[in-house]
Amino acid sequence: MIFGLRFESELEIPEISQVNFEFHDVQIKIGKNPDHITNIIKKGALYEISCNDFLLRLNTVGTFRVKKGNTIIIDPRPNATNSEIRLFLLTSTMGALLHQRDILSLHGSSVMKNNQAITIVGHSSSGKSSLAAGLAADGYSILSDDISVLTYSDNNNFKVQPGLPYLKLWKDVLKYMHFDENYNKVRPSLNKYIKPLNLEYCANPMLLKKIICLETKNDITFSHELVTGVKKFNLIKNHTYRIQYLYDAGKIQNHFRKVTSLLEQITVFRVYRPERPLMINELVSYLNKQILYG
Amino acid sequence: MASLESIKKNIVWIASYPKSGNTWFRLFLSSLLNPEKESIDINNIDAVSLLASSRVLFDSISGINSSDLRVDEINAIRPEVYRIISSENNNTIYIKVHDAWQRNDSGDELFPSNITKGVVLLVRNPFDLTVSLSNHNGISLIEAANRLNDSNFSLSINPSKLNNQLQQLIGSWSEHFRSWVDRSNLNVFVMRYEDMLLKPYQTFSRALNFLDIKVDRSIIESSIRKCSFEILQQKEEESGFKEKPIISKRFFKMGKCYYYKKLLNEEITRILTINHMEILKRLEYNCNSFH
């Protein structure tokens with residue numbers, strides 16, 4: 001179970017805990033996918049979308065089809081490794097699945113302390129996973145890396161659902177954090193590693209209280225600002241995971257409604273860090289002082 | 001693939017070796033396209049701020065994390081990303097690019113000719129460029145000169161960290177020029193940095209003529225004034241400049257040409273002259289003056 005969903009899979013996915021359920025929400029199959037889907041509403045460089053149908057095509061790894069929010073069909077290339085298939089299954093393909101199921105998800109990592117979650121959003125290379133690793137070293141637990149799934153809880157608040165129990169970190173971050181450099185790579189040719197989470201993993205949904213949007217700046221100091229009003233809405237909207245996969249007016253409207261509800265519950269900060277060098281520990285200290293315990 | 005009906009030649013590549021006036025030209029263009037603005041906001045030139053190597057741009061259009069892809073896979077997808085940008089826009093799109101013109105492993109043009117309206121290639125003499133690169137990147141003059149002589153010179157190449165830009169093969173100074181002018185088969189307008197400084201009205205006007213932008217002389221002159229180095233330096237002093245590397249003190253540093261003579265030693269000058277003689281001549285730089 002991940003992101004609050006129960007999966008039944010023909011592909012072995014060691015990252016997802018094995019539990020016996022009577023029912024599953026999503027079935028993952030290995031099978032043949034068409035070159036194209038029909039009645040395309042939207043297409044990108046690698047994907048095609050129609051109503052309740054999605055196809056992601058990666059020439060070197062395989063194709064991934066998501067149907068009706070409950071079925072994923074993987075058509076792997078002969079040379080693709082299992083870890084490569086899982087990489088694209090558990091990122092972009094999962095993003096399409098979440099949109100088909102109208103589940104709000106943000107492009108970011110989430111951490112937890114005192115039963116309250118903080119989600120760190122930002123563009124690729126902004127340092128989300130690195131900061132999550134730094135916060136974990138400072139006593140926080142990690143709920144999710146890269147994709148943070150938010151669902152309504154009983155009292156109408158949003159909770160962050162636990163994601164995959166690992167962080168994906170580049171080699172420079174492993175070195176900085178003094179982590180083992182023998183972790184498995186996400187792909188053999190990339191210096192991006194999978195650091196498993198053990199005790200620092202939080203397997204329970206947690207109430208979301210704060211969102212930090214991490215950005216880089218060509219300045220040697222840290223700074224931050226409280227984000228309010230329209231900017232707050234736009235920030236959440238723009239950091240929706242795979243927002244480009246939202247495909248029709250009804251879904252977009254529904255998505256915006258959820259974002260609006262979420263705004264009432266959370267405080268949002270934009271935090272600027274120096275582009276380089278890596279200053280993860282300093283950033284954690286800054287956040288603890290200025291935002292997290294402020 | 002974008003459908004045949006939607007293919008239009010509406011992309012202008014603003015191409016250059018790094019530190020050759022690309023930002024300056026785009027600021028001028030931004031000012032020209034927004035004449036109602038009294039002064040230029042150097043940190044907000046949205047109309048001409050697309051960057052071909054932007055990781056965020058690639059990720060948003062491809063719908064996938066480029067950080068999970070190998071360089072060859074990224075380069076296989078890049079042409080389609082630019083085709084989508086072209087098909088989704090009706091107007092001319094200006095895109096900054098430092099890459100040399102090249103084909104990917106499948107033989108496809110990285111910068112597809114069937115969506116390209118033209119290329120403005122900004123060039124700067126390799127001697128001043130060496131000094132400027134050295135200042136900009138915080139490296140020695142000899143290291144900077146070596147980059148200009150290196151066929152494999154690339155940007156954002158560190159495999160151990162995630163850069164906010166995609167890897168870009170730049171090549172040597174001469175190869176970069178040849179790639180766009182001799183190999184691309186694209187409509188290329190070459191613009192010398194030195195001419196932008198010494199004959200601004202004439203030079204910028206020619207570029208606008210190439211781009212088929214028709215505006216009054218007064219607007220061109222006003223945009224040149226708004227983007228003078230003194231004003232850009234003052235703006236950077238006041239509000240900083242987001243494209244400045246953290247290790248560099250200032251982005252808009254000199255705004256002069258042929259100032260290298262006091263700074264480059266004879267050996268660096270000699271090697272640069274030998275390596276790039278052919279292109280120096282083609283660009284009508286006075287090679288005798290470089291010694």
Side-chain angles (χ1 to χ4, degrees), chain A residues 40 42-49 54 56-61 64 84 87-88 90-93 95-96 107 122-127 129-130 146 168-176 181 186-193 215-220 238 242-245 274-278, chain B residues 1-3 6 43 54-88 104-106 136 138 156 158-167 236 239-251:
Chain A
I40 295 169
K42 195 175 176 183
K43 67 195 289 187
L46 298 172
Y47 64 88
E48 295 173 348
I49 299 174
F54 169 92
L56 177 71
R57 200 172 32 247
L58 284 157
N59 289 339
T60 47
V61 180
F64 300 80
E84 284 177 317
L87 175 65
F88 295 101
L90 297 170
T91 51
S92 293
T93 309
H107 187 194
H123 291 302
S124 192
S125 84
S126 60
S129 304
S130 313
D146 200 36
K168 288 186 284 186
L169 299 170
W170 287 82
K171 191 172 187 173
D172 62 332
V173 178
L174 288 186
K175 272 192 174 174
Y176 178 96
E181 290 179 39
V186 297
R187 300 182 73 185
S189 49
L190 296 180
N191 282 325
K192 189 178 180 183
Y193 296 79
E215 293 190 17
T216 58
K217 213 174 177 183
N218 55 0
D219 193 340
I220 50 165
N238 293 338
R242 298 289 180 263
I243 193 164
Q244 58 273 62
Y245 293 174
E275 193 181 325
R276 59 181 168 164
L278 269 180
Chain B
M1 294 274 287
S3 67
S6 65
N43 288 306
S54 163
R55 190 176 288 284
V56 172
L57 181 75
F58 179 98
D59 289 8
S60 70
I61 293 179
S62 68
I64 201 161
N65 284 344
S66 53
S67 62
D68 291 332
L69 299 174
R70 302 189 304 260
V71 177
D72 62 301
E73 291 171 325
I74 291 171
N75 285 344
I77 299 164
R78 280 177 73 179
E80 187 58 16
V81 166
Y82 305 135
R83 281 191 201 101
I84 288 171
I85 294 173
S86 165
S87 70
E88 287 181 349
N104 61 24
D105 290 353
S106 311
H136 186 74
S156 309
N158 187 342
S160 296
K161 68 186 276 273
L162 183 60
N163 202 292
N164 61 6
Q165 289 189 37
L166 306 173
Q167 186 172 318
E236 186 178 6
S239 55
F241 183 47
K242 62 183 181 184
E243 293 185 26
K244 178 192 82 69
I246 205 161
I247 47 174
S248 175
K249 280 183 188 159
R250 279 204 308 211
F251 186 92

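Here is how names work: the chains are called A, B, and so on, in the same order as the sequence lines, proteins then strands, and each is numbered from 1.
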Legend entry - Derivation and outcome, side-chain contact (heavy atoms from CB on, under 4.5 Å), residues Leu162(B) and Ser124(A): CA-CA 8 Å; Leu162(B) 183 60; Ser124(A) 192; 3.9 Å; yes

Legend entry - Working for side-chain contact (heavy atoms from CB on, under 4.5 Å), residues Ser62(B) and Tyr47(A): CA-CA 8 Å; Ser62(B) 68; Tyr47(A) 64 88; over 6 Å; no

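We find the OG-CG distance between Ser160(B) and Asn191(A) to be 5.0 Å, quoted to the nearest 0.5 Å. In this structure, OG1 on Thr93(A) lies 7.5 Å from CD1 on Ile64(B), to the nearest 0.5 angstrom.
Contact count against chain A (heavy-atom pairs under 4.5 Å) is highest for Ser67(B) among Ser60(B), Ser67(B), Ser66(B). Looking only at heavy-atom pairs under 4.5 Å with chain B, the residue among His107(A), Lys175(A), Lys168(A), Lys192(A) that has the most is Lys192(A). Heavy-atom pairs under 4.5 Å with chain A were tallied for Asp59(B), Leu69(B), Val71(B), Asp72(B); the largest tally goes to Leu69(B).
Under the 4.5 Å side-chain criterion, counting only non-hydrogen atoms from C-beta, His123(A) is not in contact with Asn164(B).
Across Val81(B) and Ala45(A), no two heavy atoms sit closer than the pair CG2-CB, 4.1 Å.
Each of Thr60(A), Leu58(A), Asn59(A) was evaluated against Glu73(B); a single residue qualifies, Thr60(A), per the side chain to side chain contact (heavy atoms under 4.5 Å, CB included) test.
In this structure, the portions of Arg70(B) lying under 4.5 Å from any heavy atom of chain A include both its backbone and its side chain. Using a 4.5 Å cut-off between heavy atoms, Leu46(A) touches chain B through backbone and side chain atoms alike.
The closest side-chain donor-acceptor pair between Asn65(B) and Arg242(A) falls under 3.5 angstrom.
Taking Asn104(B) as the reference, nothing meets the side chain to side chain donor-acceptor pair (under 3.5 Å) condition, with sequence neighbours excluded.
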